[in-house]
**Q** 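My structure is below; once you've seen it, I'll send some questions.
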Amino acid sequence: MAGTTLEFSHDQAEAHDRITDALRAAGIDLDAGLLAPPREGKQTVMAVTGKAGSGKTVLLAALYHAMEEAGVDVVSADYEGRRRKDRRTLAILAPTNKAASVLRAHGVPATTIHRILYTPMYDPEYEKIAEWLAGRGERPGIEGLTDLALDRAHAFYQSNKSIPGALASAGLRGSDFITGWKRREEPLDVGFVDESSMLDDKQFEDLKDIFPTLLLFGDPAQLAPVKQSGAMVFDALPAPAILELHRVHRQDADNPILDLAHALSDPALEFSDFERMVEDAAKRDDRVRWAGRVEVDLMARSPVLVWRNATRIRLINAFRAVHGAPDTEMLEGEPLICDGIELPLKYRKKRLDLEARGLIKGAQVIYLGPGGKPGFSRLHVIGAEDPQVSAASIVKIEKPGEEEPFIPYAARMGATFLHGSAVTIHKAQGSQWKDVQVFAPDLYVAARMGRIEAGQPLWKRLAYVAITRAEERLHWVVRNRLSKPEHPLRVDDLQTPPAPLELETEI
């Protein structure tokens with residue numbers, strides 16, 4: 001790791017050394033490349049904290065590569081393989097599909113926490129293919145699958161490392177090879193959790209039950225989960241277990257968006273001062289825009305970020321109105337946000353099927369059209385490794401001033417969705433988009449109210465989270481206006497797997 005360490009800032013290098021020492025004590029020696037069998041009965045929990053741009057992702061990626069080079073197996077949520085007593089494993093997790101996809105874009109094979117809590121059960125015949133693809137078995141001969149189909153599966157796995165995606169490329173559906181899902185009963189080994197500021201206490205306890213060695217990566221300046229009273233799970237760790245990164249990493253230097261984010265830590269900064277900073281930044285750098293209206297075309301892929309639900313509902317209805325969307329149906333290309341699963345307890349397996357395919361609360365989805373059965377929708381799950389799915393759906397469109405939402409399209413039960421062209425800043429945590437529109441009038445209202453959260457003005461925490469969702473360009477929207485669309489809604493820009501899996505969840 002000497003070559004990699006030279007690229008670290010001082011605080012990154014110190015955190016890396018502390019984590020390396022903890023892993024060595026757990027039997028994983030990254031410097032010597034030696035692995036000892038797992039030790040029972042010892043729990044290690046550490047946290048790497050720092051604001052946006054401090055290098056948390058760089059450090060996580062470096063640790064992942066070092067562990068892989070040392071011979072640690074990276075656990076995939078879609079297939080785990082047969083257990084060995086001496087096997088050392090690493091799972092890299094994020095709270096949402098979108099957050100996991102941000103890590104995958106950096107070359108880190110991340111999955112969601114939910115996919116680790118529940119494991120798939122494979123049909124024994126198709127498990128032979130999974131073992132072969134994972135490099136732990138001979139090429140099988142499977143009745144009904146040609147050599148060409150197996151070659152397609154192998155080629156897909158070499159580039160994507162997804163067992164279900166590889167089997168789909170061979171012409172199989174999920175129901176062909178996955179017979180069910182079960183909650184994980186046996187612990188794993190080492191877990192890295194990104195965006196850990198989003199974890200609640202229950203998720204944290206679940207993760208500690210599974211991982212004897214757990215490393216959290218989180219931003220203490222973000223918004224704490226609802227019902228956490230402004231606290232994040234790593235706040236309760238003893239001081240020696242918290243490794244704080246202070247310096248903005250050099251890859252992120254001279255970034256006006258991060259400059260604005262870090263300026264919010266000034267206790268003397270007022271909202272009007274901050275808006276002047278945004279306006280000045282927009283004059284100097286096109287990565288910041290002082291926007292007099294919401295750009296409707298951006299809303300189809302990156303929602304407008306707001307604080308108040310009333311603002312969110314008004315923007316959603318304005319978006320649908322300018323696109324001519326009727327109340328009675330959805331248009332292809334409309335964005336949705338999964339709001340949970342509405343299924344009785346007796347349909348637990350079907351719930352797990354939906355959630356395993358990425359339809360967890362907060363997932364971002366694009367509507368592709370009606371499914372093959374009444375009440376079903378064809379959907380593209382943003383950030384999922386196998387994104388296209390057909391599922392029983394309940395779509396709710398909220399209306400200004402009305403308590404009950406309008407439901408243009410619904411099964412009797414299944415995955416429930418709200419419109420996704422505008423979302424609250426709380427729900428945007430863990431996600432990033434190339435262009436982000438922040439509805440500044442809402443933040444002004446929060447500033448006028450004078451609310452404090454975790455010792456800081458609420459408007460500053462909201463502004464920090466909102467503007468750090470922008471990967472390339474921040475649009476600071478200062479007026480309640482909406483542009484006209486320059487083109488109809490589209491779906492041709494979405495990733496299409498070779499053979500999309502269908503999730504038939506008929507009740």
**Q** Charged N to carboxylate O below 4.0 Å: is that the case for K361 and D339?
**A**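 Between D339 and K361 there is a salt bridge, with a charged N closer than 4.0 Å to a carboxylate O.
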
**Q** Does either side chain, that of S431 or that of Q364, offer a donor lying less than 3.5 Å from an acceptor on the other one?
**A**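 The criterion, which ignores hydrogens and geometry beyond distance, is satisfied for Q364 and S431.
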
**Q** Tell me, please, which residues at least two apart from R461 pass side-chain contact (heavy atoms from CB on, under 4.5 Å).
**A**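 For R461, the residues satisfying side-chain contact (heavy atoms from CB on, under 4.5 Å) (neighbours in sequence not counted) are L223, M232, E453, A454, Q456.
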
**Q** Got a donor-acceptor contact below 3.5 angstrom from the T89 side chain to the V75 backbone?
**A**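 No; judged by distance alone, with no hydrogens or angles, the pair does not exist.
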
**Q** Does K51 use its side chain to pair, donor to acceptor, with the backbone of H262 at less than 3.5 Å?
**A**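 A pair under 3.5 Å: no.
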
**Q** Do V233 and D201 come within less than 4.5 Å of each other through their side chains, counting heavy atoms only?
**A**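 Of all side-chain heavy-atom pairs linking D201 with V233, at least one is under 4.5 Å.
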
**Q** If you take all heavy atoms of R104 and A110, which pair is closest and at what distance?
**A** NH1-O, 3.0 Å

**Q** Using every non-hydrogen atom in the two residues, find where Y367 and L336 come nearest and quote the distance to one decimal.
**A**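 Closest approach of Y367 to L336: CB-CD1, 4.2 Å.
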
**Q** Can you tell if the side chain of L23 reaches within under 4.5 Å of the side chain of V190, non-hydrogen atoms only?
**A**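 Answer yes - side chains close enough.
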
**Q** Does this structure show an ion pair linking E205 with K202, if we count only N-O contacts that are shorter than 4.0 Å?
**A**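 Salt bridge absent between E205 and K202.
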
**Q** Under 3.5 Å, is there a donor-acceptor pair between the side chain of D11 and the main chain of H246?
**A** yes

**Q** Do L359 and V365 come within less than 4.5 Å of each other through their side chains, counting heavy atoms only?
**A** yes

**Q** Measuring from H16:NE2 to S9:OG, what's the distance to the nearest 0.5 Å?
**A**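 Separation between the atoms: 12.5 Å.
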
**Q** Does T112 reach the side chain of P95, with side-chain heavy atoms less than 4.5 Å apart?
**A**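 SC-SC contact between T112 and P95 ruled out.
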
**Q** Any donor-acceptor pair under 3.5 Å linking the side chain of T416 with the backbone of G340?
**A**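 Checked: pair present.
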
**Q** Output yes when a side-chain donor or acceptor of R88 lies under 3.5 Å from a complementary backbone atom of A36, and no otherwise.
**A**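 Between the backbone of A36 and the side chain of R88 there is a qualifying donor-acceptor contact (under 3.5 Å).
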
**Q** Using atom types as modelled, flag every donor-acceptor pair under 3.5 Å from a side chain in residues 57-64 to any protein atom, sequence neighbours excluded.
**A**
from	atom 1	to	atom 2	distance (Å)
Y64	OH	E68	OE1	3.4
Y64	OH	E68	OE2	3.4

**Q** Would you say Q388's side chain and V381's backbone share a donor-acceptor pair under 3.5 angstrom?
**A**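 No; zero donor-acceptor contacts below 3.5 Å.
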
**Q** So that I can tick it off, tell me whether D21 and R24 are bridged by a salt bridge, with the cut-off set at under 4.0 angstrom between side-chain N and carboxylate O.
**A** yes

**Q** Could you walk me through whether S421 and H419 pass the side-chain hydrogen bond (donor to acceptor under 3.5 Å, both in side chains) test, one step at a time?
**A** CA-CA 6 Å; S421 56; H419 207 275; 3.1 Å; yes

**Q** Test side chain to side chain contact (heavy atoms under 4.5 Å, CB included) on D194 and V108; report intermediate values, then the result.
**A** CA-CA 11 Å; D194 198 25; V108 178; over 6 Å; no

**Q** Within the 4.5 Å heavy-atom criterion, are R301 and L494 side-chain neighbours or not?
**A** yes

**Q** Would D266 and K460 pass as an ion pair if we require N to O under 4.0 Å?
**A**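 Result for this pair is no, no salt bridge flagged.
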
**Q** Donor-acceptor check, side chain of R18 to backbone of E14, threshold 3.5 angstrom: yes or no?
**A**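 Side chain of R18 to backbone of E14, a donor-acceptor pair under 3.5 Å: no, none is there.
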
**Q** Going by side-chain contact (heavy atoms from CB on, under 4.5 Å), name the residues that satisfy it together with S393, two or more places apart in sequence or in a different chain.
**A** S377, L379, F417

**Q** Nearest heavy-atom pair of A52 and D219: which atoms, and what distance?
**A**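 Heavy atoms of A52 and D219 come nearest at N-OD2, 3.5 Å.
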
**Q** Could you tell me which residues satisfy side-chain hydrogen bond (donor to acceptor under 3.5 Å, both in side chains) with W132, sequence neighbours excluded, listed by chain and number?
**A** none

**Q** Suppose we screen for side-chain hydrogen bond (donor to acceptor under 3.5 Å, both in side chains). Which residues come up paired with Y126, at least two apart in sequence or across chains?
**A** none

**Q** Looking at L443 and W459, what are the two nearest heavy atoms and their distance?
**A**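 Reported closest heavy-atom pair: O-CB, 3.7 Å.
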
**Q** Taking all atoms of both residues into account, what is the closest heavy-atom pair of A231 and A224, and its distance?
**A**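 Taking A231 first and A224 second, the nearest heavy atoms are O-CB, 3.4 Å.
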
**Q** Identify, with sequence neighbours excluded, every residue that meets side-chain contact (heavy atoms from CB on, under 4.5 Å) alongside A94.
**A**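 With neighbours one apart ignored, the set is A99, A100.
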
**Q** Do V45 and F204 come close enough that some side-chain heavy atom pair is under 4.5 Å?
**A**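 Heavy-atom side-chain distance check passes, below 4.5 Å.
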
**Q** Going from OG1 on T20 to CE on M67, what distance comes out if it is rounded to the nearest 0.5 angstrom?
**A**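 That separation rounds to 10.0 Å.
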
**Q** Do the non-hydrogen side-chain atoms of K208 and Q43 ever get within less than 4.5 Å of each other?
**A** yes

**Q** Apply side chain to side chain contact (heavy atoms under 4.5 Å, CB included) to L264 and I467, showing your working.
**A** CA-CA 11 Å; L264 289 162; I467 65 181; 4.2 Å; yes

**Q** Tell me whether R312 contacts the main-chain N or O of T424 through its side chain, where contact means a donor paired with an acceptor under 3.5 Å.
**A** no

**Q** Decide yes or no on side chain to side chain contact (heavy atoms under 4.5 Å, CB included) for L93 and T111, but give the supporting numbers first.
**A** CA-CA 5 Å; L93 315 176; T111 189; 3.8 Å; yes

**Q** Shortest non-hydrogen contact from Q12 to G55?
**A**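 In terms of heavy atoms, the two residues are closest at NE2-O, 3.0 Å.
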
